[in-house]
Amino acid sequence: MTESLTASQDRIWQIVHQIPVGKVATYGQIANLAGMPSHARLVGRVLSRLPPDTRLPWHRVVNAQGKITNPTRQRQQQRLAEEGIILIHGRVSLRLYGWDY
DNA sequence: TGTTTGACGGACA
DNA sequence: CTGTCCGCCAAAC
């Protein structure tokens, strides 16, 4: 049974919305929590299509290496800094800031 | 209709 | 540590 893209998109939004302030989650983690293992790319694609004025905390999502792969990484880094999350050597420490669901 | 492209990730050298 | 390869799949060409 196939599932509509909007349905999975809704769940992805729902999960991202739950990431606590001051914490970060990985694309793969979001995919898993949304019930779609191995679909990290889908998460990235969905986030890339968010409207500019979205209220969703998309900046709290980084890749499995803790690196920012977002085209607007400057803005994402700024937003993370505002929450106390600093990048060391270009990456976020998942050990310190990783979201334990 | 076939191929390439990504806001990815894990395995491996 | 870096780089390569492969699985994944909707969207753009």
Side-chain angles (χ1 to χ4, degrees):
Chain A
M1 139 92 194
T2 56
E3 180 177 24
S4 73
L5 177 60
T6 57
S8 29
Q9 175 179 261
D10 287 347
R11 280 210 309 288
I12 289 172
W13 286 345
Q14 207 273 335
I15 299 294
V16 174
H17 190 67
Q18 296 178 53
I19 306 174
V21 177
K23 290 289 180 181
V24 297
T26 70
Y27 294 93
Q29 184 180 5
I30 302 294
N32 287 327
L33 293 174
M36 311 180 251
S38 73
H39 283 247
R41 285 192 108 121
L42 176 59
V43 175
R45 188 165 53 247
V46 168
L47 294 188
S48 73
R49 286 169 167 49
L50 289 174
D53 62 322
T54 181
R55 200 165 55 68
L56 213 65
W58 53 266
H59 59 285
R60 297 184 190 136
V61 184
V62 297
N63 72 12
Q65 286 72 53
K67 292 193 268 185
I68 293 176
T69 45
N70 181 328
T72 69
R73 54 192 171 68
Q74 193 60 258
R75 194 158 93 92
Q76 178 166 9
Q77 183 172 347
Q78 169 65 39
R79 285 197 168 199
L80 288 176
E82 290 170 6
E83 299 186 354
I85 300 177
I86 307 302
L87 281 74
I88 306 296
H89 299 322
R91 25 181 247 94
V92 171
S93 169
L94 295 178
R95 193 180 51 169
L96 294 177
Y97 307 112
W99 176 35
D100 347 289
Y101 183 71

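Chain identifiers are assigned alphabetically (A, B, ...) following the order of the sequence lines, protein sequences preceding nucleic acid strands; residue numbering begins at 1 within each chain. None of these values were measured; they are calculated from a predicted model. Atom set for the values below is all heavy atoms of this structure, side chains included, hydrogens, waters and symmetry mates excluded.
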Visitor: Whole Å only: how far is the NE2 atom of A:H39 from the C1' atom of B:dG9?
Guide: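 So the NE2-C1' distance, A:H39 to B:dG9, works out to 13 Å.
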
Visitor: Quick check for you: among C:dG7, C:dA10, B:dA7, whose closest atom lies nearest to any side-chain atom of A:W58?
Guide: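 The nucleotide sitting nearest to the side chain is B:dA7.
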
Visitor: Quick one: on DNA chain C, does A:S38 or A:R49 contact a more 5' nucleotide (nearest heavy atom)?
Guide: A:S38

Visitor: Any residue in residues 66-75 of chain A with a heavy atom nearer than 4.0 angstrom to DNA chain B? Just list them by number, or reply none.
Guide: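 A:T69, A:N70, A:P71 - these, ordered by number, are the residues of the stretch whose heavy atoms sit under 4.0 Å from the strand.
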
Visitor: Nearest to the side chain of A:S48, which nucleotide is it out of B:dA7, C:dA11, C:dC8?
Guide: B:dA7

Visitor: Tell me: CD of A:Q76 to C1' of B:dA7, nearest whole Å?
Guide: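 It works out to 8 Å between those atoms.
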
Visitor: To the closest 0.5 Å, what do you measure between OG1 (A:T6) and CZ (A:R11)?
Guide: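 A:T6 OG1 to A:R11 CZ: 10.5 Å, rounded to 0.5 Å.
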
Visitor: Would you find more than 12 non-hydrogen atoms of other residues, nucleotides or ligands less than 6.0 Å from A:Q74 atom CD?
Guide: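 Count not over threshold, so no.
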
Visitor: Calculate the interatomic distance between A:N63 atom CG and B:dG6 atom C1'; express it in whole Å.
Guide: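 Atom CG in A:N63 sits about 13 Å away from atom C1' in B:dG6.
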
Visitor: Please report, rounded to the nearest Å, how far the C1' atom of C:dA12 is from the CZ atom of A:R41.
Guide: 14 Å

Visitor: Is a side-chain N or O of A:T54 found less than 3.5 angstrom from the main chain of A:P51, in a donor-acceptor match?
Guide: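 A pair under 3.5 Å: no.
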
Visitor: Indicate the atoms forming the closest heavy-atom contact of A:I12 with A:A34, along with that distance.
Guide: CG1-CB, 4.3 Å

Visitor: Ignoring hydrogens and angles, state whether a donor on the side chain of A:Q18 or A:Q14 is under 3.5 Å from an acceptor on the partner side chain.
Guide: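 A pair is found: one side chain offers a donor N or O, the other an acceptor, under 3.5 Å apart.
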
Visitor: Please work out which residues in residues 11-29 of chain A have a non-hydrogen atom less than 4.0 Å from an atom of DNA chain B and list them by number.
Guide: A:T26, A:Y27, A:G28

Visitor: So which atom in A:W58 and which in A:L50 form the shortest heavy-atom distance, rounded to 0.1 Å?
Guide: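 The pair with the smallest heavy-atom distance is CB-CD1, 3.8 Å.
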
Visitor: Check every atom of C:dC9, C:dC8, B:dG9 against the side chain of A:A64 and return the nucleotide holding the closest atom.
Guide: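 The answer is B:dG9, which lies nearest to the side chain.
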
Visitor: Using atom C1' of each nucleotide, how far apart are C:dG7 and B:dG6 to the nearest Å?
Guide: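 After rounding to an integer number of Å, I get 14 Å for this pair.
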
Visitor: Over all heavy atoms of both residues, which pair between A:G84 and A:Y97 is shortest? Give the atoms and the distance, please.
Guide: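 Scanning both residues, the minimum pair turns out to be O-OH, 3.6 Å.
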
Visitor: Indicate, with a heavy-atom threshold strictly under 4.0 Å, whether A:L42 touches base, sugar-phosphate, or nothing.
Guide: nothing

Visitor: Work out how far the P atom of B:dT4 is from that of C:dC5, and round it to whole angstrom.
Guide: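 It works out to 15 Å between them.
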
Visitor: For nucleotides C:dC6 and B:dA7, find the distance between their P atoms and express it as a whole number of Å.
Guide: 22 Å

Visitor: Within the distance-only criterion (no hydrogens, no angle test), does the side chain of A:Q76 pair as donor or acceptor with the backbone N or O of A:V61 below 3.5 angstrom?
Guide: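 Yes, A:Q76 side chain to A:V61 backbone: donor-acceptor pair under 3.5 Å.
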
Visitor: Just verifying a value: how many Å separate A:R45 CZ and A:L47 CG, rounded to the nearest 0.5 Å?
Guide: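 It comes to 11.0 Å.
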
Visitor: Atom CZ of A:R45 to atom P of C:dA11: distance rounded to whole Å?
Guide: 6 Å

Visitor: Should the heavy atoms of other residues, nucleotides or ligands under 6.0 Å from CZ of A:R79 be counted, would the total exceed 12?
Guide: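 Buried by this count: over 12 neighbours within 6.0 Å.
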
Visitor: Whole angstrom is fine here: how far is it from CG in A:L33 over to P in B:dG9?
Guide: 13 Å

Visitor: Let me know the distance between CD of A:E3 and C1' of C:dC8, rounded to the nearest Å.
Guide: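 Those two atoms, CD and C1', are 16 Å apart.
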
Visitor: Could you tell me how far apart A:Q65 (CD) and C:dG3 (P) are, to the nearest whole angstrom?
Guide: 13 Å

